[in-house]
Structures are given as structure tokens and as C-alpha cells.
Amino acid sequence: QVQLVESGGGLVQAGGSLRLSCAASVRTSSTYAMGWFRQAPGKERTFVSAISKSGGDTTYADSVKDRFTISRDFAKNVVYLQMNSLKPEDTAVYYCAMSQGSWYDTPILEDDYDSWGQGTQVTVSS
């Protein structure tokens with residue numbers, strides 16, 4: 001069974017940066033697309049970003065485009081989410097997810113993902 005463990009969350013002031021990491025218990029090389037989702041208090045979980053199996057394609061939600069960058073290190077089996085210019089509305093629990101069977105290079109729907117991490121809290125103060 002795949003295990004995904006997120007880290008790197010915390011409290012940051014608006015305009016600051018954080019880098020989230022997602023460590024996978026299995027080799028992620030060229031087999032799985034990976035994604036990040038987030039869930040703000042009282043709201044549904046929403047798509048943030050995804051990266052293709054090869055790492056060559058990425059997709060971002062409009063709300064984070066040009067501020068967040070997703071990347072992956074195949075040697076370390078880690079996926080990163082670099083978050084810059086953070087805003088209070090970015091406050092949420094961030095989840096890493098793995099897609100093992102989607103037809104899409106960078107899936108954006110929760111149903112396309114098979115394994116999920118436990119989440120890491122990101123709080124942005126104004």
C-alpha cells in the first residue's frame with residue numbers, strides 16, 4: 001500500500017514562502033502522476049496543482065498560477081510544492097495525492113487519485 005507523507009507546512013506572513021514536500025513510500029518514477037489539493041476551513045477540497053508521470057507537464061489552479069511551482073525528484077521519491085507570495089486565502093490543509101490509473105497527464109479531479117497523504121496545515125497571516 002502506498003504511503004504519502006506531507007511536510008513543510010506552518011505559519012507564515014502574507015507575502016512569504018513555504019515549500020511543501022510529499023514523500024512516497026514507493027518509487028514514483030514515470031509511473032504516477034502526482035497532485036496537490038487543499039481544503040480550507042468549512043470548504044470542500046480543491047485542486048491546486050499536478051505534475052505528470054515524466055515531470056514534463058504541470059497544471060495549476062488559476063488561483064495559484066505564477067505563485068506556486070510543483071516539481072518532483074525521482075531519485076528521492078519526493079514531490080514538492082513551492083509556494084511564493086502567499087496570501088491569507090491560501091490558508092488550508094494541503095494534501096498530496098498519487099494517480100495510478102488516470103488517462104490524463106495532470107489529473108485535476110479527486111476521483112483520478114488513488115492514494116492520499118494525511119495533509120499538512122498552511123496558515124498565512126495578514
Looking at residues at least two apart in the chain, or sitting in another chain, which of them share a side chain to side chain donor-acceptor pair (under 3.5 Å) with Gln3?
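Gln3 satisfies side chain to side chain donor-acceptor pair (under 3.5 Å) with no residue once adjacent residues are dropped.
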Checking Leu81 against Arg19 for the side chain to side chain contact (heavy atoms under 4.5 Å, CB included) test, could you report, in this order, the C-alpha distance in whole Å, the side-chain angles of both residues, the deciding distance, and whether it holds?
CA-CA 6 Å; Leu81 185 68; Arg19 188 177 79 160; over 6 Å; no
Test: side chain to side chain donor-acceptor pair (under 3.5 Å). Region: residues 84-97. Which pairs qualify, not counting sequence neighbours?
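Matches after skipping sequence neighbours: Ser17-Asn84, Arg38-Asp90, Arg38-Tyr94, Arg67-Asp90, Gln82-Asn84.
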Keeping to residues at least two apart or across chains, list the side chain to side chain donor-acceptor pair (under 3.5 Å) pairs with something in residues 5-14.
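Sorted result for residues 5-14: Glu6-Gln118.
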So if you build clusters from Ile, Leu, Val, Met, Phe, Trp, Tyr with side-chain heavy-atom gaps below 4.5 Å, do Val122 and Val93 land together?
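Different clusters: Val122 never reaches Val93 through Ile, Leu, Val, Met, Phe, Trp or Tyr contacts under 4.5 Å.
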I'd like to know if Ile108 and Trp116 are part of one continuous hydrophobic network [Ile/Leu/Val/Met/Phe/Trp/Tyr, side-chain heavy atoms within less than 4.5 Å].
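In one cluster with Trp116: Ile108, yes.
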Restricting to side-chain contact (heavy atoms from CB on, under 4.5 Å), what partner residues turn up for Leu109, sequence neighbours left out?
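With neighbours one apart ignored, the set is Asp112.
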May I have the list of side-chain donor-acceptor pairs in residues 55-62 shorter than 3.5 Å, sequence neighbours left out?
from  : atom 1 : to     : atom 2 : distance (Å)
Thr59 : OG1    : Thr106 : OG1    : 2.6
Tyr60 : OH     : Ile70  : N      : 2.9
Asp62 : OD1    : Lys65  : NZ     : 3.1

How far apart are the C-alpha atoms of Thr123 and Gln121, what are their side-chain angles, what is the distance that settles it, and do they pass the side-chain hydrogen bond (donor to acceptor under 3.5 Å, both in side chains) test?
CA-CA 6 Å; Thr123 303; Gln121 176 71 47; 3.3 Å; yes
Mind checking salt bridge (Lys or Arg N to Asp or Glu O under 4.0 Å) for Lys43 and listing every partner two or more places apart, or none if nothing turns up?
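Partners of Lys43 under the salt bridge (Lys or Arg N to Asp or Glu O under 4.0 Å) test: none.
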Return the set of residues passing salt bridge (Lys or Arg N to Asp or Glu O under 4.0 Å) with Asp111 (not counting sequence neighbours), or none when no residue passes.
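Per chain and number, Asp111 pairs via salt bridge (Lys or Arg N to Asp or Glu O under 4.0 Å) with no residue.
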Give me each pair satisfying disulfide (SG to SG under 2.5 Å) with a member in residues 81-111, each pair once, sequence neighbours excluded.
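Sorted pair list: Cys22-Cys96.
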Pairs meeting criterion disulfide (SG to SG under 2.5 Å) with involvement of residues 40-95, two or more places apart
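Listed by first then second residue: nothing to list.
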ring-ring contact (aromatic ring centres under 6.0 Å, His included) involving Phe47 - partner list, sequence neighbours excluded
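Counting only residues at least two positions away or on another chain, Phe47 forms a ring-ring contact (aromatic ring centres under 6.0 Å, His included) with Phe37.
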Shortest non-hydrogen separation from Val2 to Ser115 and the atoms involved:
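Shortest heavy-atom contact: CB-OG, 3.7 Å.
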Does Pro107 offer a backbone N or O that forms a donor-acceptor pair with the side chain of Tyr113 under 3.5 Å?
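Side chain of Tyr113 to backbone of Pro107: a pair is present.
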Could you tell me whether the side chain of Tyr80 reaches within less than 4.5 Å of the side chain of Leu20, counting heavy atoms only?
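In short, these two side chains do not touch, never coming nearer than 4.5 Å.
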